[in-house]
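Given the structure is predicted, the values throughout are model-derived calculations rather than measurements.
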Amino acid sequence: MISALTGEFKQELANTRKILERVPQAHFAWKPHEKSMSLLRLASHIADMARWATFTFKYDGLDFSGDYPKVPQINTNADLIAFFDQVKEEALATLEQANDADLKDNWTLRNGDQVIFTMPKGVVLRSMVFNHIIHHRGQLTVYLRLLDVPVPGLYGPSADER
């Protein structure tokens with residue numbers, strides 16, 4: 001199972017990189033709505049989510065009130081891609097060392113004393129890592145469309161690639 005999940009993750013990471021490569025630094029501060037994240041915040045969050053695969057298998061949980069590693073200062077698209085590539089490689093190396101038994105171990109997300117959830121690591125990997133990245137990546141494609149940036153195809157050609 002871990003092998004199949006790693007293969008799926010590699011596919012999603014490749015698609016994620018294609019989207020992140022298109023993020024225009026000239027519009028980093030842009031938001032489609034006052035309640036929305038800025039383009040840079042959303043793109044940085046997506047890049048950072050790849051790191052959650054590492055946290056999921058190296059630790060028994062994550063505490064937001066603790067020493068969660070900060071996203072480095074990102075000033076350019078090259079900075080964004082470099083950060084993503086770094087966390088992607090760490091995540092893949094971690095998954096390649098994992099085994100199927102690890103998927104059953106529980107993992108807890110908390111904020112101090114407040115437990116947000118406890119789930120098996122396999123569920124965390126699919127829901128809080130893969131699905132979370134895909135969710136925000138979908139948001140990012142809308143941001144790009146609204147900025148008239150051609151959207152790459154992810155699961156086949158996009159309207160911009162036909």
Side-chain angles (χ1 to χ4, degrees), residues 1-23 25 28 37 39-112 114-144 151-158 161:
M1 191 65 178
I2 194 71
S3 177
L5 289 168
T6 301
E8 179 180 349
F9 195 42
K10 286 178 181 179
Q11 172 69 31
E12 294 306 331
L13 290 170
N15 281 338
T16 299
R17 193 177 199 285
K18 285 198 289 190
I19 291 290
L20 293 177
E21 288 171 345
R22 304 277 176 109
V23 173
Q25 65 192 50
F28 273 1
M37 287 187 261
L39 178 65
L40 177 59
R41 176 71 187 105
L42 179 58
S44 299
H45 180 58
I46 293 166
D48 188 42
M49 283 307 303
R51 182 165 37 182
W52 280 50
T54 303
F55 296 151
T56 301
F57 286 90
K58 283 195 171 183
Y59 309 108
D60 292 329
L62 177 65
D63 186 347
F64 284 133
S65 72
D67 292 329
Y68 181 79
K70 302 296 181 221
V71 173
Q73 180 72 31
I74 295 175
N75 298 309
T76 65
N77 184 273
D79 293 342
L80 176 65
I81 298 301
F83 172 62
F84 175 73
D85 285 344
Q86 174 193 341
V87 298
K88 173 188 75 168
E89 292 306 318
E90 291 169 2
L92 289 174
T94 300
L95 284 179
E96 288 170 357
Q97 294 175 11
N99 60 57
D100 287 357
D102 295 328
L103 297 169
K104 296 175 185 174
D105 293 341
N106 278 334
W107 191 88
T108 300
L109 180 64
R110 67 177 61 246
N111 189 8
Q114 176 195 10
V115 172
I116 299 166
F117 66 76
T118 297
M119 295 187 278
K121 290 182 176 189
V123 176
V124 173
L125 186 64
R126 290 301 303 275
S127 64
M128 287 304 295
V129 182
F130 296 8
N131 294 348
H132 197 160
I133 290 170
I134 292 165
H135 160 73
H136 286 304
R137 197 174 65 202
Q139 288 181 302
L140 185 55
T141 63
V142 173
Y143 279 38
L144 295 179
V151 176
L154 301 177
Y155 303 105
S158 73
E161 294 180 332

Short question: side chain of Thr141, backbone of Gly138 - any donor-acceptor pair under 3.5 Å?
-> yes
How many angstroms lie between NZ in Lys58 and OG1 in Thr94, if you round to the nearest 0.5 Å?
-> 4.5 Å
Apply the test side chain to side chain contact (heavy atoms under 4.5 Å, CB included) to residues Thr76 and Ile81: give CA-CA distance (whole Å), side-chain angles for both, the deciding distance (0.1 Å), then the verdict.
-> CA-CA 9 Å; Thr76 65; Ile81 298 301; over 6 Å; no
Given side chain to side chain contact (heavy atoms under 4.5 Å, CB included), test Ile46 with Ile19 step by step and report yes or no.
-> CA-CA 10 Å; Ile46 293 166; Ile19 291 290; 5.8 Å; no
Asn106 and Pro120, any side-chain heavy atoms less than 4.5 Å apart = yes
Heavy-atom check, side chain of Val71 versus side chain of Arg51, under 4.5 Å = yes
Between the side chain of Asp85 and the main-chain N/O of Ala82, is any donor-acceptor distance below 3.5 Å?
-> no
Is there a donor-acceptor contact under 3.5 Å from the side chain of Asn77 to the main chain of Val23?
-> yes
Atom pair OG/CD of Ser3 and Glu96 - distance to nearest 0.5 Å = 9.0 Å
Can you check side chain to side chain contact (heavy atoms under 4.5 Å, CB included) on Phe84 and Leu13, steps first, answer last?
-> CA-CA 9 Å; Phe84 175 73; Leu13 290 170; 3.8 Å; yes
Identify, with sequence neighbours excluded, every residue that meets ring pair (Phe, Tyr, Trp, His ring centres under 6.0 Å) alongside Phe9.
-> Phe130
Could you walk me through whether Ile2 and Asp102 pass the side chain to side chain contact (heavy atoms under 4.5 Å, CB included) check?
-> CA-CA 9 Å; Ile2 194 71; Asp102 295 328; over 6 Å; no
Please name the residue in the list Thr118, Asp63, Asp60 that meets the side chain to side chain donor-acceptor pair (under 3.5 Å) test with Thr108.
-> Thr118
When rounded to the nearest 0.5 angstrom, what distance separates CD in Gln25 from CG in Asp79?
-> 8.0 Å
In chain order, what residues pass the ring pair (Phe, Tyr, Trp, His ring centres under 6.0 Å) check against Tyr143, with sequence neighbours excluded?
-> Trp30
Where Ala50 and Ala91 come nearest, the two heavy atoms and their spacing | O-CB, 3.3 Å
Distance-only, no hydrogens or angles: does the Lys121 side chain make a donor-acceptor pair with backbone N or O of Trp107 under 3.5 Å?
-> no
Parallel, tilted or perpendicular, as decided by the 30° and 60° cut-offs, for the rings of His132 and Trp52 = perpendicular
From OG1 (Thr56) to CE (Met119), nearest 0.5 Å | 9.0 Å
Roughly how far apart are Leu80 CG and Asn75 CG, rounded to 0.5 Å?
-> 11.5 Å
Mind checking whether Phe55 and Pro69 have side chains closer than 4.5 Å, heavy atoms only?
-> yes
Min side-chain heavy-atom separation Phe83-Asp48 under 4.5 Å | yes
Within a reach of under 6.0 Å around NZ of Lys18, are more than 12 heavy atoms found that belong to other residues, nucleotides or ligands?
-> yes
Any side-chain heavy atom of Thr54 within less than 4.5 Å of one from Val87?
-> no
Under 4.5 Å between any side-chain heavy atoms of His136 and Leu42, yes or no?
-> yes
Can you check whether Asn15's main-chain N or O pairs, donor with acceptor, with Arg137's side chain at less than 3.5 Å?
-> no
Would you say the side-chain atoms of Ser65 pair up with the backbone N or O of Gly112, donor to acceptor, closer than 3.5 Å?
-> yes
From Met49 atom CE to Ile134 atom CD1, the distance as rounded to the nearest 0.5 Å = 11.0 Å
Report yes if the side chains of Phe64 and Leu109 come closer than 4.5 Å at any heavy-atom pair, otherwise no.
-> yes
